[in-house]
Chemist: 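Got a structure here, written out as structure tokens. Questions coming.
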Number of protein chains: 2
Amino acid sequence: MARWQEGAAGRLQGAALRLYAERGYEQTTVAEIASEVGLTARTFFRYFADKREVLFAGSAQLRDGMAAAVAGAPATAGPMAAVSAGLEASLAFLGGDHAHSSARHSVITANAELRERELIKMASLAEAMAEALCRRGVPAADASLAAEAGTVVFRVAFEQWVTGPPDASLPDLMHATLARLTEVTAPR
Amino acid sequence: MARWQEGAAGRLQGAALRLYAERGYEQTTVAEIASEVGLTARTFFRYFADKREVLFAGSAQLRDGMAAAVAGAPATAGPMAAVSAGLEASLAFLGGDHAHSSARHSVITANAELRERELIKMASLAEAMAEALCRRGVPAADASLAAEAGTVVFRVAFEQWVTGPPDASLPDLMHATLARLTEVTAPR
DNA sequence: TCCGTGATGTCACTTAATGACATCACTGAC
DNA sequence: GTCAGTGATGTCATTAAGTGACATCACGGA
């Protein structure tokens with residue numbers, strides 16, 4: 001028997017998502033989340049930088065995984081093809097638990113502060129991929145554009161997935177959305 | 001002589017930008033900003049919803065102007081052409097005061113909270129343009145993609161402008177960036 | 001003259017967030 | 001076996017954001 005229950009971070013994440021969903025983000029205090037799992041607010045802030053961050057653990061791994069995939073794409077691949085490899089890599093991190101992703105998405109879209117945090121996480125994905133593209137020799141401006149375009153595809157496809165039927169294929173949505181982007185931005 | 005000095009909101013904006021630039025955003029309290037112009041913190045919060053918002057007044061007009069331009073584009077224009085009209089409209093709101101835009105940009109990029117707020121304003125631009133596109137009969141997914149792609153161009157071009165020489169042309173940068181996007185996303 | 005209006009101030013309060021210090025079960029060295 | 005060290009947690013105090021309730025007070029009109 002351990003001195004403390006194990007997995008404090010995970011328990012805090014679970015309690016936070018549940019309470020945010022039940023009462024709303026603003027109506028939930030950090031003290032409530034913590035006491036829900038037998039901890040104090042002070043401990044919450046040792047695991048998560050702020051009240052929002054508890055919903056975004058693991059986003060650094062997602063970012064690093066996507067950046068690595070961009071870096072590891074075949075040398076012959078153009079910027080968008082490399083970004084596409086990054087999107088492919090994201091599927092391993094998400095796409096697993098539709099119910100959880102969907103609940104989390106509902107909570108986040110219901111609150112402006114949480115949407116802000118999600119947007120900056122997306123921006124950090126774009127930044128990491130852009131940097132990986134630069135290392136591949138892509139000019140900075142093109143790298144930013146390609147990486148940002150990639151996150152647009154990511155966002156649109158992911159949103160369709162979480163708001164759609166649980167048995168839809170995230171990979172298929174991602175591919176289709178990427179195809180639509182090239183169609184829409186095509187010069188005429 | 002008026003009972004109060006006029007233009008409280010504008011004075012608060014000026015003091016906030018100056019203090020954020022001088023000491024940093026986190027090292028500046030709302031009480032300091034307010035007392036700087038002879039007001040109290042309570043009054044600050046009557047003009048601005050929170051400490052960040054003081055740097056983003058006028059973004060609603062920008063959004064509405066861009067959405068109106070998208071809506072008013074020629075009926076023959078495709079989604080990206082309509083979005084391009086929206087970008088064109090943004091030039092009237094910005095591009096005027098390079099020094100001010102540059103200072104504001106420095107303050108915002110130096111702080112994560114402010115970047116978050118800027119990102120959600122960008123997202124609201126995209127949402128408004130996407131809705132205008134939907135009204136033009138563009139399918140929802142295509143509308144989101146085109147509008148988001150437009151804000152990517154906007155962001156990249158604007159960032160180049162504020163970080164570049166004061167006499168550079170924002171319209172030229174915007175056009176060139178849009179051209180690069182179509183190039184980068186072109187299928188091969 | 002008096003009343004309503006509107007911008008501001010004052011006060012009290014909640015909560016997020018952080019630093020300093022205490023606690024206390026476990027671990028390993030002696 | 002004892003004892004010092006470690007690490008996760010708790011306690012306490014404090015700053016500052018943000019909000020509601022109510023007071024103030026010059027101005028403009030009836």
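Values below: every heavy atom of this structure, side chains too, minus hydrogens, waters and symmetry copies. Below, chain A is the first sequence line, B the second, and so on; all start at residue 1.
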Chemist: Whole angstrom is fine here: how far is it from CG in A:L39 over to P in C:dT23?
Modeler: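 So the CG-P distance, A:L39 to C:dT23, works out to 20 Å.
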
Chemist: Checking contacts here: which listed nucleotide (D:dG10, D:dA8, D:dC22) is nearest the side-chain heavy atoms of A:R46?
Modeler: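 Nearest to the side chain of A:R46 among the choices is D:dG10.
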
Chemist: Nearest whole angstrom, please: distance from the P of C:dA7 to the CZ of B:F44.
Modeler: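 Distance check: B:F44 CZ to C:dA7 P gives 18 Å.
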
Chemist: Answer yes or no: does a side-chain N or O of B:Y47 lie under 4.0 Å from OP1 or OP2 of C:dA7?
Modeler: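 No.
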
Chemist: How long is the line joining CG of A:D50 and P of C:dT18, in whole Å?
Modeler: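 Computing the A:D50:CG to C:dT18:P distance gives 8 Å.
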
Chemist: Which one, C:dA17, C:dT8, D:dG10, comes nearest to the side chain of A:T43?
Modeler: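 When the side chain of A:T43 is considered, D:dG10 is the closest of C:dA17, C:dT8, D:dG10.
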
Chemist: Name the nucleic acid region contacted by B:A41, choosing base, sugar-phosphate or nothing; use a 4.0 angstrom heavy-atom cut-off, strictly under.
Modeler: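 Result for B:A41 = nothing.
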
Chemist: Could you tell me the separation between the NZ atom of B:K51 and the C1' atom of D:dT19, rounded to a whole number of Å?
Modeler: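 Taking NZ of B:K51 and C1' of D:dT19, I get 17 Å after rounding.
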
Chemist: From C-beta outward on A:T40, which listed nucleotide comes closest to its side chain: D:dT9, D:dG18, D:dG10?
Modeler: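 The closest nucleotide is D:dG10.
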
Chemist: Which of the following nucleotides, C:dT18, D:dT11, D:dA8, is nearest to the side chain of A:F45?
Modeler: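 For the A:F45 side chain, the nearest candidate turns out to be C:dT18.
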
Chemist: Provide, to the nearest angstrom, the distance between the CD atom belonging to A:E6 and the C1' atom belonging to C:dA25.
Modeler: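 Distance, rounded to whole Å: 13 Å.
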
Chemist: Nearest whole Å is fine: how far is C:dA16 C1' from B:E113 CD?
Modeler: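 Value for this atom pair: 11 Å.
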
Chemist: Nearest whole angstrom, please: distance from the P of D:dC22 to the CZ of B:R42.
Modeler: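 Rounded to whole Å, this separation is 14 Å.
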
Chemist: Under 6.0 Å from the six-membered ring centre of A:F56 and within 45° of its axis: does the NZ or CZ of A:R104 meet both?
Modeler: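 Flagged: A:R104 positioned over aromatic ring of A:F56.
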
Chemist: If the plane angle is over 60° it's perpendicular, under 30° parallel, otherwise tilted; pick one for A:F44 and A:F48.
Modeler: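 Judged by the thresholds at 30° and 60°, the geometry between A:F44 and A:F48 is tilted.
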
Chemist: Which pair of non-hydrogen atoms, one from B:K51 and one from B:F45, has the smallest distance, and what is that distance?
Modeler: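 Minimum heavy-atom contact is N-CE2, 4.2 Å.
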
Chemist: Among D:dA17, C:dT15, D:dT9, which is the nearest nucleotide to the side chain of A:T29?
Modeler: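 The nucleotide sitting nearest to the side chain is C:dT15.
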
Chemist: Say whether, by atom type as modelled, one donor and one acceptor occur between the side chain of B:S84 and the main chain of B:M80 under 3.5 angstrom.
Modeler: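 No, the answer is negative, given that no donor and acceptor are paired below the 3.5 Å cut-off.
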
Chemist: Over how many whole Å does the gap from A:W4 atom CH2 to C:dT23 atom P extend?
Modeler: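 Whole-Å distance recorded here is 16 Å.
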
Chemist: For A:A8, report the nucleic acid contact type (base, sugar-phosphate, nothing); a contact means any heavy atom under 4.0 Å.
Modeler: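 Result for A:A8 = sugar-phosphate.
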
Chemist: Got a donor-acceptor contact below 3.5 angstrom from the A:R136 side chain to the A:V70 backbone?
Modeler: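 Yes.
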
